[in-house]
Enquirer: 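If you scroll down you'll find the structure; I have some questions about it.
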Amino acid sequence: MNRKLLVAANWKMNGNLALVEQMAQMLNEVTINDNVEVVVSPSFPYLMTLGDKLKSDCIALSAQNVSEHEKGAYTGEISTDMLKECGVKYVILGHSERRSLYKETSTLVAHKVKAVLAAGLMPILCIGESENERASEQTETVLASQLQPVIDEVGIEAFNDIVVAYEPVWAIGTGKTASPEMAQETHQYIRGCIAQQNAEIADKLVILYGGSVNAGNSEELFAQADIDGGLIGGASLKVEEFKTICSTAKGSN
Ligand code: PGA
């Protein structure tokens, strides 16, 4: 299956207007291989500014979160319609930092996935096990338990418009990357979970790896059969490093 590869930057609560400027300049100059899309997720205040500066069709904007509600008295929240007006295409949902620090449950994540799809945006649905869960061989159970509420909420057909990001919690921001073999094995399991319900959708599903991806390991990770790109935190804040990561995505799995 010739799936598209996605290289997605997750800036988290980092960056400023200077980084927006430098990153846009680099992205407007870098050669992005065929069948590759680069996605940048700055914090909300920078979305429109960055969007206005980007010139290529193979670069898209993503938000890092959204409200599950359409509109109303939810002080401090951002709606899917607002993101659409800012030119956003993707929304990162279920990131482990949202799950652990902001107590977002898989049920809430599923509601957000539904809201994002209803607005015609694409969720980047993050799932992943903790260090203890991997050590006690619960990885597959945890991943299935994070996927199932979403399948129950939106149905398997909706996975035509969902990107999944496998992010082992122990690898996020720690420098401890999953080995390409370990990541591949887990991605294969995730694709298998979807295949049990619809093989065709599973075959087309883009599954990103996230967790300490950098310019030194991205090429090998992205070359794995079931790894369709990455969700990149720390290394996506460094313009030159992110440029190298973008060019290691070959788009021909
Ligand atoms: P990291 O973060 O690349 O800094 O490990 C990845 C993520 O949290 O999406």
Side-chain angles (χ1 to χ4, degrees), residues 5-16 19 23 26-27 37-44 46-47 50 59-66 88-104 106 109 112-113 116 122-131 133-134 139 142-143 146-147 162-180 182-184 186-187 190 206-222 224 227-249:
L5 246 81
L6 240 66
V7 179
N10 175 13
W11 287 9
K12 312 191 181 185
M13 200 173 73
N14 295 299
N16 51 25
L19 185 65
M23 200 59 81
M26 181 280 279
L27 290 170
E37 185 173 32
V38 172
V39 178
V40 189
S41 327
S43 295
F44 293 126
Y46 302 125
L47 282 167
L50 179 60
I59 306 173
L61 280 183
S62 170
Q64 299 174 19
N65 185 27
V66 76
V88 162
K89 177 173 176 184
Y90 295 95
V91 185
I92 298 172
L93 294 174
H95 191 280
S96 69
E97 287 149 19
R98 301 284 331 161
R99 292 179 192 264
S100 65
L101 302 172
Y102 300 98
K103 309 294 171 228
E104 290 197 8
S106 289
V109 172
K112 291 189 174 193
V113 168
V116 164
M122 290 186 73
I124 299 178
L125 169 66
C126 302
I127 57 175
E129 82 288 359
S130 68
E131 191 151 34
E133 287 161 348
R134 179 160 283 269
T139 300
V142 170
L143 297 176
Q146 291 172 338
L147 277 176
I162 294 175
V163 170
V164 171
Y166 167 58
E167 296 207 308
V169 179
W170 47 270
I172 296 177
T174 58
K176 286 196 236 169
T177 324
S179 67
M182 186 197 276
Q184 163 56 25
T186 313
H187 279 230
I190 294 167
V206 170
I207 309 179
L208 310 181
Y209 169 78
S212 298
V213 175
N214 59 43
N217 60 27
S218 58
E219 185 158 15
E220 208 184 343
L221 284 162
F222 298 168
Q224 303 301 310
I227 300 184
D228 310 310
L231 182 55
I232 300 128
S236 76
L237 297 165
K238 300 173 193 153
V239 179
E240 281 308 306
E241 179 154 20
F242 190 58
K243 182 180 179 185
T244 307
I245 296 173
C246 288
S247 43
T248 60

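For this chain, numbers begin at 1 and follow the sequence in order. First listed ligand is number 1; within each ligand, the first listed atom is number 1.
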Enquirer: Could you go step by step and tell me if Leu6 and Tyr90 meet the side chain to side chain contact (heavy atoms under 4.5 Å, CB included) rule?
Expert: CA-CA 11 Å; Leu6 240 66; Tyr90 295 95; 3.9 Å; yes

Enquirer: Among Ile124, Ile172, Ile232, Ile92, find the one that has a side-chain contact (heavy atoms from CB on, under 4.5 Å) with Asn10.
Expert: Ile92

Enquirer: In order of chain and number, which residues sit within 4.0 Å of ligand 1 by heavy atom?
Expert: Asn10, Lys12, His95, Glu167, Ala171, Ile172, Gly173, Gly211, Ser212, Leu231, Ile232, Gly233, Gly234

Enquirer: Quick one: sort the His187 and Tyr166 rings into parallel, tilted or perpendicular, breaks at 30° and 60°.
Expert: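 Taking Tyr166 first and then His187, their aromatic rings stand perpendicular (interplane angle over 60°).
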
Enquirer: Does a donor on one side chain sit under 3.5 Å from an acceptor on the other, for Gln64 and His95?
Expert: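 Absent: no donor and acceptor within the cut-off.
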
Enquirer: Any chance you could lay out the side chain to side chain contact (heavy atoms under 4.5 Å, CB included) test for Val66 and Leu93, step after step, and finish with the verdict?
Expert: CA-CA 8 Å; Val66 76; Leu93 294 174; 4.2 Å; yes

Enquirer: Check the pair Val39, Val163 against side chain to side chain contact (heavy atoms under 4.5 Å, CB included), reporting the backbone distance first and the verdict last.
Expert: CA-CA 12 Å; Val39 178; Val163 170; over 6 Å; no

